[in-house]
Amino acid sequence: LHGLTGKTAIHPAQIEVIERGYQVGGDDYAMASAILAPDAAAVFRLQDVFCEPVTHRRWAMGILERARMFGIG
């Protein structure tokens, strides 16, 4: 919620479970993709949330990077 993430694995068997927790939800992926779209409006509504590409760009980039690394769940 606030951009803070982290987890320490104390056994290799935990890695898969931890990485699954970092997967991006489909709604977040769709919103991040829409925010970073070259033709995105300055402000638009998606999933009952107002999105502003200038304001939310950093968040969207982080979401797409997480999706690249851990997949979409």
**Asked** For Val54, what are the other residues in its hydrophobic cluster, where any two members join if their side-chain heavy atoms are less than 4.5 angstrom apart?
**Response**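 Noted: Val54 shares its cluster with no other residue.
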**Request:** Report the hydrophobic cluster partners of Phe50, with the cluster defined as I, L, V, M, F, W, Y residues connected by side-chain heavy atoms closer than 4.5 angstrom, directly or transitively.
**Result:**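 So far as hydrophobic clustering goes, Phe50 is joined with Val43.
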**Request:** Provide the full list of salt bridge (Lys or Arg N to Asp or Glu O under 4.0 Å) pairs with a residue in residues 26-44, sequence neighbours left out, each pair given once.
**Result:** none
**Message:** Per the salt bridge (Lys or Arg N to Asp or Glu O under 4.0 Å) rule, what does the pair list look like for residues 40-52, sequence neighbours excluded?
**Reply:**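 Listed once each, the pairs are Arg45-Asp48.
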**Message:** Which residues pass the salt bridge (charged side-chain N to carboxylate O under 4.0 Å, His left out) test with Arg68, not counting sequence neighbours?
**Reply:**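 Salt bridge (charged side-chain N to carboxylate O under 4.0 Å, His left out) check on Arg68 returns Glu65.
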**Message:** List the residues meeting salt bridge (charged side-chain N to carboxylate O under 4.0 Å, His left out) with Arg20, not counting sequence neighbours, and say none if there are none.
**Reply:** Glu16
**Message:** Which residues pass the side-chain hydrogen bond (donor to acceptor under 3.5 Å, both in side chains) test with Gln47, not counting sequence neighbours?
**Reply:** none
**Request:** Establish whether Val24 and Tyr22 are linked, either directly or via other cluster members, by ILVMFWY side-chain heavy-atom contacts under 4.5 Å.
**Result:** no
**Item:** Same apolar cluster: Met31 and Met61, side chain cutoff 4.5 Å
**Value:** yes
**Item:** Ile63 and Arg66, any side-chain heavy atoms less than 4.5 Å apart
**Value:**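 Yes, at least one pair of side-chain atoms sits under 4.5 Å.
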**Message:** Please find the pair of heavy atoms, one from Ala34 and one from Ala40, that lie closest to each other, and give the distance.
**Reply:**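 In this case the closest contact between Ala34 and Ala40 is O-CB, 3.4 Å.
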**Request:** List in chain and number order the residues that pass side-chain contact (heavy atoms from CB on, under 4.5 Å) with Ile72, two or more places apart in sequence or in another chain; answer none if no residue qualifies.
**Result:**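 Checked Ile72 against side-chain contact (heavy atoms from CB on, under 4.5 Å); matches are Tyr29, Ala67.
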**Request:** Kindly write out the residues that satisfy side-chain contact (heavy atoms from CB on, under 4.5 Å) with Glu19, not counting sequence neighbours, or none if the list is empty.
**Result:**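 Glu19: side-chain contact (heavy atoms from CB on, under 4.5 Å) contacts with Ile15, Phe70.
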**Asked** Atom CD1 of Ile18 and atom OG1 of Thr8: how far apart are they, to the nearest 0.5 Å?
**Response** 7.5 Å
**Message:** Working to the nearest 0.5 angstrom, can you tell me the gap between Ile35 CD1 and Arg57 CZ?
**Reply:** 10.5 Å
